[in-house]
Student: 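My structure is below; once you've seen it, I'll send some questions.
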Amino acid sequence: MNLLFASSNKNKIKEIQAMMPPNIHLIGLSDIHFSEEIPETSPTIKENAIQKAAFIYDYLKNNPASMDINGVFADDSGLEVEALGGAPGVYSARFAGEQKNDGANNKKLLQELKNTTHRNAQFKTVIAFINAKGLQTIEGIIKGTIAYEERGKNGFGYDPLFIPTGYRSTFAELDFGIKNSISHRANAIKNLLNLLQHR
Ligand code: IMP
């Protein structure tokens, strides 16, 4: 089965392909020679995922690919912090400004939580999947807490501040393999595979 993943991020495609069973082949946007920016202008993580998947599904109708494509999916993720009412959420990448700087985002998060011990947070991924039968959305979550200082060098984004429940280390201190097996993205992909088996 060929699935088109609406992303041109080669690392993400590799990470997700590694989670797929051998009968599912992931196709990325570069394989269909799509190199534009996909609009991501929606007010929630879920609507952004739907917007991206729908955009590429429509694109394929007008620009059929040379190979058979059995479905299209897109993901969108963010960090939701309880004490901030769910922020930064859909604005995670640009929490500290349009330059999308991970260091500045982490500093801002520490600053906003500096007077509170209420550190609960979760990462959320929503996957929007579209095929001939229609649209379905799937979620993946990992719960944890926000550390009091940045720790660790692995990963990206808020990894140096996020301590998953059941661990003492931040995502940035954990081995890639461990993070990639428990993360919000991994959970969303497991749920997607489950859905594909029953659809
Ligand atoms: P995206 O939708 O996967 O591009 O994620 C949007 C933003 O959420 C990223 O730019 C990061 O700031 C944050 N984020 C998403 N997933 C992770 C993660 O696994 N670790 C750290 N930050 C993440």
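Atoms considered below: every heavy atom in the structure, side chains included; atoms not considered: hydrogens, waters and symmetry mates. One-based numbering along the sequence shown. Counting convention: from 1, in listed order, for ligands and their atoms alike.
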Student: Crowded around K12 NZ? As in, over 12 foreign heavy atoms under 6.0 Å?
Tutor: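 Counting other residues, nucleotides and ligands, NZ of K12 exceeds 12 neighbours.
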Student: Any non-hydrogen side-chain atom of I38 less than 4.5 Å from a side-chain atom of Y59?
Tutor: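 I38 does not reach Y59 side chain to side chain.
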Student: Between the protein and ligand 1, are there any N or O atom pairs that come within less than 3.5 Å of each other, and if so, what are their names and distances?
Tutor:
unit_1: ligand 1; atom_1: 2 (O); unit_2: D76; atom_2: OD1; d: 3.3
unit_1: ligand 1; atom_1: 2 (O); unit_2: S77; atom_2: N; d: 2.9
unit_1: ligand 1; atom_1: 3 (O); unit_2: K12; atom_2: NZ; d: 3.2
unit_1: ligand 1; atom_1: 16 (N); unit_2: H184; atom_2: NE2; d: 3.1
unit_1: ligand 1; atom_1: 19 (O); unit_2: K179; atom_2: NZ; d: 2.7
unit_1: ligand 1; atom_1: 19 (O); unit_2: H184; atom_2: NE2; d: 3.3
unit_1: ligand 1; atom_1: 19 (O); unit_2: R185; atom_2: NH2; d: 2.9
unit_1: ligand 1; atom_1: 20 (N); unit_2: D159; atom_2: OD1; d: 2.6
unit_1: ligand 1; atom_1: 20 (N); unit_2: K179; atom_2: NZ; d: 3.4
unit_1: ligand 1; atom_1: 22 (N); unit_2: Y158; atom_2: N; d: 3.2

Student: Which side chain to side chain donor-acceptor pair (under 3.5 Å) pairs, counting each pair once, include a residue from residues 90-116, with sequence neighbours left out?
Tutor: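 Qualifying pairs, neighbours excluded: none.
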Student: Classify the ring geometry of F162 against F171: parallel below 30°, tilted from 30° to 60°, perpendicular beyond 60°.
Tutor: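 If you compare the ring of F162 with that of F171, the planes turn out tilted.
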Student: I'd like to know whether Q51 forms a side chain to side chain contact (heavy atoms under 4.5 Å, CB included) with D76, so could you lay out the CA-CA distance, the side-chain angles of the two residues, the decisive distance to 0.1 Å, and finally the verdict.
Tutor: CA-CA 10 Å; Q51 184 180 18; D76 200 57; over 6 Å; no
Student: Could you please spell out the steps behind the side chain to side chain contact (heavy atoms under 4.5 Å, CB included) verdict for Y167 and I178?
Tutor: CA-CA 11 Å; Y167 292 79; I178 296 180; 3.9 Å; yes
